[in-house]
Chemist: 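The structure's right below; bear with me while I get my questions together.
All residue numbers refer to positions in the sequence shown, counting from 1. Counting convention: from 1, in listed order, for ligands and their atoms alike.
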Amino acid sequence: MKKIFGLVLAFALISGGLVFAGGAADGEAAAAGDDLIVVGYAQVGAESDWRTANTESFRSTFVPENGYRLIFDDAQQKQENQIKAIRSFIQQDVDYIVVAPVVETGWETVLGEAKAAGIPVILSDRQMKLSDESLYLCWVGGDFLKEGRDSVTWLNNYLAEIGRADEPINVVLLQGTIGSSAQVGRTQGITEGLAENPNYTLLAAQTGEFTQAKGQEVMESFLKAYDDIDVVFAENDNMAFGAIDAIKAAGKVPGEDIIIISFDAVREAFNRIIAGELNCAVECNPLHGPRVDEIIKTLEAGGTVEKIQYVQEGLFDITNAEELLPTRAY
Ligand code: AHR
């Protein structure tokens, strides 16, 4: 294992970017494979197809042929497990810690420990709310608030297109893990967007924990409580797949009787759109392995990186799903 940084970590902010002092000289040896850069990845879990694709993206990028040794930890959607993983990475004296935080808050202590040990922390996918922004080096991921807003804009346009723009519309919301930035941003974007249109009524919102089984269970309870649901927002594809099963079991036609909008846009979502069961999937791109690799390589070469790095994302429905399906890698 190679230790890039001394005991005192020098974070220097240079013209809007960040640079780590002292790391550049070790890059070549690592690339030669005899002195690998050790990266600990504290992953959320394996709750969704998106997460599986994200894990695969890291596992296939952080390989010895690319100059890395990856220590991977699956926290099973529990913050306490991620905190344990980060402490273990610190003990193992890794070169970089990468975290996809389960929830936004409660990280100051453990990130303070990483900082004291001189180990830079890169956030990926979800964000943290921290009192001290210097506790992490940078973040790369999707813009969850924008995703939420885009989903309501899509609904507005779709209802206009099918001649229902002036009808009262009843909405239910399947939320992700409460307190995760994916849930917080999407929920905010959706609820603010819905509030702008007096035709929309949000009947209920409940977490489905980003899993298919829980999404199905919660949708079943929504269908029992309300017989007049027009629209479901599911804060990820897998909860939408669960909702589709629940809607079918209730004798309704998903995509027709109830409009379904989801987030992620994994390959299976394209199949469901083409089958007419899902109306819209807002993209959340999981392929962060190469992005984090680029950040580390830039730092190793003595370069600077932007603190906040948003990924470009699209939106898919029946107008483009068939054409784009062959290009979906996950
Ligand atoms: O943080 C990204 C979200 O986490 C994805 O939308 C979801 O599928 C995953 O579990």
Chemist: For ligand 1, what N or O to protein N or O distances fall under 3.5 Å?
Modeler:
from, atom 1, to, atom 2, distance (Å)
ligand 1, 1 (O), R51, NH2, 3.4
ligand 1, 1 (O), D125, OD1, 2.8
ligand 1, 1 (O), D125, OD2, 3.1
ligand 1, 1 (O), R126, NE, 2.8
ligand 1, 4 (O), R51, NH2, 2.9
ligand 1, 4 (O), R126, NH2, 2.9
ligand 1, 6 (O), R186, NH1, 2.8
ligand 1, 6 (O), R186, NH2, 3.2
ligand 1, 6 (O), D264, OD1, 2.5
ligand 1, 6 (O), D264, OD2, 3.4
ligand 1, 8 (O), S48, OG, 3.0
ligand 1, 8 (O), N236, ND2, 3.0
ligand 1, 8 (O), D264, OD2, 2.6
ligand 1, 10 (O), E47, OE2, 2.4
ligand 1, 10 (O), S48, OG, 3.2

Chemist: For N199, give me all partners under side-chain contact (heavy atoms from CB on, under 4.5 Å), at least two apart in sequence or on another chain.
Modeler: N197

Chemist: Given side chains that start at C-beta, do those of Y68 and V38 come closer than 4.5 Å, heavy atoms only?
Modeler: no

Chemist: Name each donor-acceptor pair under 3.5 Å that joins a side chain in residues 250-265 to protein atoms two or more places apart or in another chain, with its distance.
Modeler:
from, atom 1, to, atom 2, distance (Å)
K252, NZ, D227, O, 3.3
D257, OD2, V253, N, 2.7
S262, OG, D237, OD1, 2.6

Chemist: Any pair with a residue in residues 196-220 that passes salt bridge (charged side-chain N to carboxylate O under 4.0 Å, His left out), sequence neighbours left out, goes on the list, sorted by first then second residue, please.
Modeler: K214-E217

Chemist: Report yes if the side chains of F144 and C284 come closer than 4.5 Å at any heavy-atom pair, otherwise no.
Modeler: yes

Chemist: Side chains of Q175 and T187: do they bring a donor and an acceptor to under 3.5 Å?
Modeler: yes

